[in-house]
J.: 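Structure incoming, see below.
Side-chain atoms are counted along with the backbone in the values below, which use heavy atoms only and exclude waters and symmetry mates. Each chain gets a letter, A, B and so on, in the order the sequences are listed, and its residues count up from 1.
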Amino acid sequence: MTDLPTPRISDLARPAPPPGADYLEGLNPEQRRAVETTEGPVLVLAGAGTGKTRVLTTRLAHILATGRARPWELLAVTFTNKAAREMRERITHLIGPSAEGLRWLGTFHSIAAQILRRHAELVGLKSSFTILDTDDQERLIKQLLEAENIDTKRWTPRSLAGLIDHWKNRGWTPEKLPTTEDFANGRGQKLYAAYQARLVTLNACDFGDLLLHNLTILSQNADVAEEYRRRFRYILVDEYQDTNVAQYLWLRLLTSSTGNVCCVGDDDQSIYGWRGAEVDNILRFERDFPGAKVIRLERNYRSTKHILGAASGLIAANRDRLGKTLWTEDDSGDKVKVRGVWDGEAEARLIADEIETARRSGLRYKDMSVLVRASFQMRAFEERLVMLAIPYAVIGGPRFFERAEIRDAHAYLRLIQSEDDDLAFERIVNTPKRGVGDTSVQKILQIARAQGVSAMTAVRALIGSDELQARTRTALSNFVRDLDRWRAQAQQVRHWELAETVLEESGYVDMQRADRATGQTRLDNLKELVQSMQAFDSLTAYLEHVSLVLDLDRGAGEDAVQIMTLHGAKGLEFPLVFLPGWEEGVFPSQRSIDEKGEKGLEEERRLAYVGVTRAKREARISFAANRQVYGRWTSQLPSRFVDELPLDHVEAQSDTGYYGAQPGLKEAKSRWDDAPTFGAGYSSPGWKRGQAFAASQSPRPAYARNAVIEGEGRLIATADPAAGSSWSRGDRVFHQKFGYGAVRAVEGNKLLVAFDKAGEKKVIDTFVERVER
DNA sequence: CCTCTGTAGATTTTT
DNA sequence: TCTACAGAGG
């Protein structure tokens with residue numbers, strides 16, 4: 001076991017700031033109480049926009065400044081890296097560089113990983129264990145299922161992976177798995193156990209294991225647990241309403257019921273029940289920690305009274321809540337607008353027009369956001385915004401480090417770093433294709449497993465044997481030779497240079513170059529990868545961090561309308577927020593209700609609450625009477641949430657021109673209910689055809705796809721409407737999706753192009769490249 | 001090993 | 001309706 005860090009003299013000698021330090025200034029009485037109530041269990045119920053982060057960081061600063069604890073004696077846990085980073089930055093701002101000593105400030109997972117590395121041997125791992133991502137996890141599970149001759153179509157690896165994750169979230173090891181839990185007709189527990197055993201063999205663990213192994217270590221080794229309990233004199237937990245059972249148990253093991261534990265959260269913003277969060281944890285806090293002090297932060301500094309009034313009225317319909325009432329001194333501002341429109345496209349047109357209007361009145365694009373329940377709803381807005389050349393960014397979506405090309409690159413690096421990494425081997429032994437087919441790979445793995453050695457060891461032995469085809473053996477021998485060479489080079493060159501070399505020499509870059517469709521994006525991603533490696537001292541340091549602590553904020557800071565899911569919007573704020581799609585089935589999501597009943601509905605309502613409270617100045621809700629769902633036209637009813645909005649704070653906007661007059665909400669609703677046109681016989685309204693300028697019906701239309709800079713916070717369209725047209729009839733162009741073509745007509749920034757293969761299309765000029773004739 | 005064809009399934013997402 | 005993905009066949 002590694003030693004815990006020892007205090008530095010410089011830290012010990014640092015003078016405590018005088019009492020009444022200025023960091024306490026400007027806090028309201030409740031905030032100040034939350035900061036100064038340092039002893040014993042405390043629950044801070046921090047409503048939306050009540051200065052939660054400020055309280056959190058000030059509290060930590062206060063504990064340090066008053067000498068109650070030294071930086072390494074504080075445990076501060078968040079859910080996301082972003083939150084951890086933000087907290088560290090703000091504390092540094094408050095107390096200066098000594099904040100660097102906060103070595104136990106991080107996400108649940110990263111802190112659990114640190115603890116696990118110190119005591120890995122207690123659960124049969126080496127401290128150098130690797131952390132598998134979901135892709136690795138699923139491949140491994142697939143192998144197990146196939147070994148058991150289980151039909152992987154009926155019983156998909158993904159569903160078992162999800163189930164195991166769920167079990168781990170609840171703190172269940174295979175031995176503790178309740179008999180009611182199962183998979184593939186009674187084989188659930190056996191498969192789970194086999195999976196865990198396989199992980200140990202690979203010296204690996206998945207995300208869930210980080211916490212689960214911690215639970216095992218802390219509950220079975222009293223001395224270890226005691227050591228941490230003594231060390232962590234003050235514990236702080238952010239977003240407590242999102243903790244799952246395993247995280248809760250973990251906290252309980254690290255703290256006694258009288259310990260100095262401060263949990264901050266908002267039961268009304270618990271929106272992750274579907275991935276294991278237990279609102280119950282926060283609702284139960286006072287019972288779990290007898291004598292706990294509960295402090296409510298209810299003064300809101302973000303929104304106007306109408307926004308808060310609308311949100312409060314809505315959330316009041318929930319039964320499972322501790323209850324609090326947000327208030328503000330801000331008396332200004334409009335009521336929340338609610339509008340019904342004809343269909344999804346009309347909704348997109350309305351919102352896009354309003355974005356233009358807001359822009360003309362001086363609001364920046366990035367001050368506006370469109371918050372949707374599910375990502376399929378984004379398409380309509382993307383189409384409309386592209387058409388109007390309004391810049392927008394889709395926040396969320398596939399994450400950079402989960403991209404195939406990034407994982408491939410990592411696999412090369414992992415295999416160079418450690419020959420034993422069989423999963424890395426399997427991933428890239430034939431990527432790019434080097435003539436080692438599936439059959440050969442399976443054979444290698446089989447032999448390796450039979451002999452209890454790594455795949456690479458088996459390969460080295462096979463090269464000199466007469467197993468496998470001669471051609472395969474040659475390919476493998478080249479592969480081994482390359483790896484050995486790179487490994488030797490790793491000592492000489494800097495790690496990102498090694499990455500460049502490997503990608504180039506392995507033929508990976510060439511493989512991507514040959515791919516006209518996605519190759520360029522992938523090469524760009526790989527460039528970005530190499531760049532992000534430069535922030536680390538070594539390959540080891542990079543790989544350690546990449547699985548847990550790395551996320552890139554790309555495309556941030558651009559002036560673009562922010563489109564994201566309601567989940568993605570949590571913690572953010574915008575002057576103007578659009579909330580489309582408030583229709584039964586869409587929001588609340590039918591599936592939520594089907595699967596979780598009343599609990600699911602309450603979570604949906606909390607999601608609505610989160611959405612409304614993102615708005616600083618104005619929130620605009622809308623619903624459509626008709627919507628295309630999976631290609632089928634369906635008539636929609638307004639969401640029950642619309643009727644739960646208190647009339648004092650809401651106005652039904654009737655003059656949108658997108659549908660007839662709507663004198664009042666109730667009336668508007670009955671209009672939807674009764675309208676005969678929405679019955680079963682309703683079919684696609686023909687007048688919309690041809691209005692959008694591309695024929696593609698894919699969820700992400702071709703013309704938008706081409707403008708996507710993939711990544712988190714992809715900036716999608718940056719067409720500059722002001723740029724004069726430099727196009728003329730007859731120009732030859734190349735388009736990512738449609739190929740080569742000739743310009744037929746120019747209309748502002750839109751071009752009518754006759755594509756050689758795809759026929760005539762209208763495209764935005766920034767999405768085509770000019771080519772020589 | 002690549003290309004074609006049929007079919008399930010199509011919320012939310014962090015680590 | 002569309003897409004991703006698996007399995008068959010060239």
J.: Does NZ or CZ of A:Arg275 come closer than 6.0 Å to the centre of the six-membered ring of A:Tyr272, within 45° of the ring's axis?
T.: yes
J.: Are any of A:Thr107's side-chain N or O atoms less than 4.0 Å away from OP1 or OP2 of B:dT14?
T.: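 No, no such contact exists.
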J.: Is the phosphate of B:dT15 approached by A:Asn81 (side-chain N or O, under 4.0 Å from OP1 or OP2)?
T.: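 Answer yes for this pair, as a side-chain N or O of A:Asn81 is under 4.0 Å from OP1 or OP2.
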J.: What integer number of Å spans the C1' atoms of B:dT12 and C:dC5?
T.: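 That atom pair is separated by 23 Å.
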J.: Where do N or O atoms of nucleotides 1-7 of chain B meet protein N or O atoms at under 3.5 Å, pair by pair?
T.:
residue: B:dC1; atom: OP1; partner: A:Asn430; partner atom: ND2; Å: 3.2

J.: From the set B:dT11, B:dT13, B:dT15, return the single nucleotide nearest to any side-chain atom of A:Thr565.
T.: B:dT13
J.: Compare the ring of A:Trp274 with the six-membered ring in the base of B:dT12 and state whether they stack (centres under 5.5 Å, planes under 30°).
T.: yes
J.: Would you call the rings of A:Phe207 and A:His109 parallel, tilted or perpendicular, where under 30° means parallel and over 60° means perpendicular?
T.: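 Correct class here is perpendicular.
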J.: When the P atoms of C:dA4 and B:dT11 are compared, how many Å lie between them, rounded to an integer?
T.: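 Those two atoms are separated by 14 Å.
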J.: Taking only the side-chain nitrogens and oxygens of A:Arg591, find out if one of them lies under 4.0 Å from OP1 or OP2 of B:dA10.
T.: yes
J.: For a quick check of understanding: with a heavy-atom distance under 4.0 Å over all strands, which category does A:Tyr630 fall into, base, sugar-phosphate or nothing?
T.: base
J.: Taking the side chain as everything from C-beta on, heavy atoms only, tell me whether A:Glu239 gets closer than 4.5 Å to A:Lys52.
T.: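 A:Glu239 reaches A:Lys52 side chain to side chain.
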J.: Quick one: the side chain of A:Arg632 and the base of C:dT1, do they pair up donor-acceptor inside 3.5 Å?
T.: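 There is none.
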J.: Identify whether any heavy atom of A:Glu604 sits under 4.0 Å from a base atom; if not, whether one sits that close to sugar-phosphate; answer base, sugar-phosphate or nothing.
T.: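 Base: the residue A:Glu604, judged by heavy atoms under 4.0 Å, touches a nucleobase.
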J.: Do the side chain of A:Asn203 and the main chain of A:Leu125 share a donor and acceptor less than 3.5 angstrom apart?
T.: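 No, because the side chain of A:Asn203 does not come within donor-acceptor range (under 3.5 Å) of the backbone of A:Leu125.
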J.: Are A:Ile115 and A:Trp104 close enough that some pair of their side-chain heavy atoms sits under 4.5 Å apart?
T.: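 Side chain of A:Ile115 against side chain of A:Trp104, heavy atoms only: contact under 4.5 Å found.
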J.: Enumerate the protein-to-nucleotides 5-10 of chain C contacts in which both atoms are nitrogen or oxygen and the separation is below 3.5 Å.
T.:
none

J.: Please work out if A:Ser589 contacts a base, only the sugar-phosphate, or nothing of the nucleic acid, heavy-atom cut-off 4.0 Å.
T.: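 Since a base atom lies under 4.0 Å of A:Ser589, the category is base.
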J.: Just to be sure I understand the geometry, which residues of residues 238-251 of chain A put a non-hydrogen atom under 4.0 Å away from DNA chain B?
T.: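 Within residues 238-251 of chain A, no residue comes under 4.0 Å of DNA chain B.
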